[in-house]
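When a ligand or atom number is given, it counts from 1 through the structure's own listing order. Residue indices begin at 1 and follow the sequence shown. Computed from a prediction, not measured in an experiment: that's the story for all the values here.
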Amino acid sequence: MDLRYSDSDERFRVELRAWLADALPSLPPKPGADDWTARRAWDTRWQKMLFDAGYAGIDWPREVEGRGATPTEHLIFLEETERADAPYVGVNFVGLLHAGPTLIAEGTDEQKKRHLPKILRGEEVWCQGFSEPGAGSDLAALSTKAVLDGDHYVVSGQKIWTSFAHVADHCELLVRTDPDAPKHKGISWLIMPMDAKGIEIQPLRTITGSTEFSQVFLEEVRIPVANRVGAENDGWRVAMVTFSFERGTAFVGELIRTMSLVEEIAALARRIKRGDGTAWDDPGLRRDLGKIAAELDALWALTRRNITQAERGTGVPGLGGSVFKLAYSEVRHRIGDLAMKLLDRAALSFENVGSMESGIHVERWFQSMSISIAAGTSQIQRNIVGERILGLPKEPG
Ligand SMILES: Cc1cc2nc3c(=O)[nH]c(=O)nc-3n(C[C@H](O)[C@H](O)[C@H](O)COP(=O)(O)OP(=O)(O)OC[C@H]3O[C@@H](n4cnc5c(N)ncnc54)[C@H](O)[C@@H]3O)c2cc1C
């Protein structure tokens, strides 16, 4: 990999910066956290603006209306959008970050044509129906069943923790198509239209008060066989492709945002009074923050390597995504803990205390707890790293 930027990379950066400087001030104010209709409209409006300017699907192939950018341009795009504080993927993170990429790798031409341009134009929002009450970490134990009836599957069961289900048009859904096969061999990956008959969505409230998750109940939902991605009963392999994007590249934008968070915490420490000075006078705090900043730099270097390797190879990131996801989750926990220590008693409230903008740090601390659970817990990533990368013996059972 060549770490230097070419003249054409620099031209790309300058053009993108100029476009962002023009586009961002035209955005209306962000809607309230629980105003889901408005949030969907806001997020998809930004997506449409990216599309019209030729920046949507930056690393997606041109055939599906992506930009087909080089790996370096992709990284520049992430750096510059973060530097300008541009919106991130929002409610369509599933469509843009892993369902879309899975269709690119595994979908039929018809599926790609039908969905990918709409995802890029902000016309289609996706959710993920993988987890079930009895199958989280042990995902292959899922029991939502799909029975073939002519040219449709009839699907019944329950999904849980489905982020943004109530604003989604389609769902990447894992179902059991062969109950008699060994558990990994009887699963299929389907595209479920969220307006199909028999779907009931019940929102759940998280510890931060958000209703972004739902339980999704499925009762005899008819899904065309043409909506199956990959062969029948080969859904576990397709799900691994989805995971390689979800763990490997979906957190990259967040990583850059987290680097800014370190700056924010340093600025906060300089404002918080301690004795005759400020919290920033504490060499222990400066050392801890410096170590975190160095780890984030290392993760950024790892990301650059992973993206470059993936885009120059098959386009699908490898198991290295689990290393990234595990290390990133742990750094996020430590950043949260450090912010809580810094805030001291102000960390007890979601509200800002005095003139300090403490509430957002408390909320982020709670959010950081979810990062080591979403897309597979840290324990599961450790198992993957141990067994599938390091070749250690498999866990019993
Ligand atoms: C923010 C967020 C968004 C999410 N969005 C979605 C979504 O959109 N769609 C979706 O389908 N799911 C989603 N999930 C669900 C997520 O994938 C699951 O929560 C996760 O896979 C863990 O499953 P579980 O909650 O059932 O925990 P469990 O599997 O019950 O795990 C409980 C604990 O046991 C540990 N454990 C379990 N098995 C092992 C093992 N073999 N070895 C060592 N330790 C083990 C786990 O690490 C964990 O600490 C989301 C979760 C979060 C937090």
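- Other residues sharing the hydrophobic cluster of Leu204, ordered by chain and number and joined by side-chain separations under 4.5 Å: Ile160, Trp161, Phe213.
- Numbered from 1 in the order shown, with element, the atoms of ligand 1 that lie under 4.0 Å from a heavy atom of Ile380 read 38 (N), 39 (C), 40 (C), 41 (N).
- With no hydrogens or angles considered, no side-chain donor-acceptor pair links Thr208 and Ser210 at under 3.5 Å.
- Inclusion of Ser131 in the set of residues having an N or O under 3.5 Å from an N or O of ligand 1 is warranted.
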List the steps and the verdict of ring-ring contact (aromatic ring centres under 6.0 Å, His included) for His98 and Trp126. CA-CA 10 Å; His98 47 92; Trp126 283 58; 9.7 Å; no

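- Atom numbering of ligand 1 starts at 1 in the shown order; those under 4.0 Å from a heavy atom of Asn383 are 40 (C), 41 (N), 42 (N).
- Under 4.0 angstrom from ligand 1, the non-hydrogen atoms of Phe213 all belong to its side chain.
- For residues 355-373, the side-chain hydrogen bond (donor to acceptor under 3.5 Å, both in side chains) pairs, not counting sequence neighbours, are Glu264-Arg364, His333-Ser372, Asp337-Trp365.
- Near Ser163, meaning under 4.0 Å from any of its heavy atoms, are these atoms of ligand 1: 3 (C), 4 (C), 5 (N), 6 (C), 7 (C), 8 (O).
- Between Thr44 atom OG1 and Phe51 atom CZ the span is 14.0 Å, to the nearest 0.5 Å.
- Atoms of ligand 1 lying under 4.0 Å from any heavy atom of Ser370, numbered from 1 in the order shown and given with element: 1 (C), 53 (C).
- Remark: ligand 1 atoms within the under-4.0 Å shell around heavy atoms of Phe130 are 11 (O).
- The atoms of ligand 1 that sit less than 4.0 Å from any heavy atom of Gln379 are 43 (C), 44 (N), 46 (C), 47 (O), 49 (O).
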